[in-house]
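Beneath this line is the structure, given in structure tokens, with notes to follow.
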Amino acid sequence: MTEQIITVRFFARLREELGAEQLTLPASKDQTAGDLLAELARRGGPWAQLQGDQPVMIAINQAMAKPSSAVKAGDEVAFFPPVTGG
């Protein structure tokens with residue numbers, strides 16, 4: 001039986017500020033991308049920004065997603081800051 005995990009990746013300033021490029025987390029039944037953000041934010045410190053005032057963009061298996069999007073074992077979830085123009 002394969003391990004029931006989700007791969008979480010961080011990009012741009014999130015990767016730098018969190019000091020992590022990739023994590024693996026156990027998958028849970030009926031889990032959403034928002035649940036993952038909340039779980040990671042509870043780590044405190046720089047992780048708290050994942051549920052702060054700055055929005056975080058989400059992709060699941062390289063497709064844009066919302067916090068309410070379902071996440072299942074084997075998925076790759078990416079979090080990155082919104083792109084701003086100048």
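All values reported here derive from a predicted model rather than from experimental measurement. For the single chain, residues carry numbers from 1 onward in sequence order.
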Shared ILVMFWY cluster between [X] and [Y], side chains joined below 4.5 angstrom?
X	Y	value
F11	M57	yes
L18	F80	no
V71	M64	no

* **Residues I58, L37; criterion side-chain contact (heavy atoms from CB on, under 4.5 Å); working and verdict** => CA-CA 10 Å; I58 303 166; L37 281 173; 4.0 Å; yes
* To do: Take Q31 and K72, measure what side-chain contact (heavy atoms from CB on, under 4.5 Å) needs, and give me the verdict at the end.
  => CA-CA 7 Å; Q31 192 170 29; K72 62 187 182 315; over 6 Å; no
For [X] against [Y], the heavy-atom pair lying closest together:
X	Y	answer
P55	P82	O-CD, 3.1 Å
F10	L50	CE2-CD1, 4.5 Å
T32	S68	CG2-O, 3.7 Å
I60	A70	CD1-O, 3.6 Å
P46	E17	CB-O, 3.6 Å
F79	A33	CZ-O, 4.1 Å

Supply the atom-to-atom distance [X] [atom1] to [Y] [atom2], rounded to the nearest 0.5 angstrom.
X	Y	atom1	atom2	answer
E39	I6	CD	CD1	8.5 Å
R15	R9	CZ	CZ	8.0 Å
L40	D35	CG	CG	11.0 Å

* L25/V77 under side-chain contact (heavy atoms from CB on, under 4.5 Å): CA gap, chis, key distance, verdict -> CA-CA 10 Å; L25 298 173; V77 180; over 6 Å; no
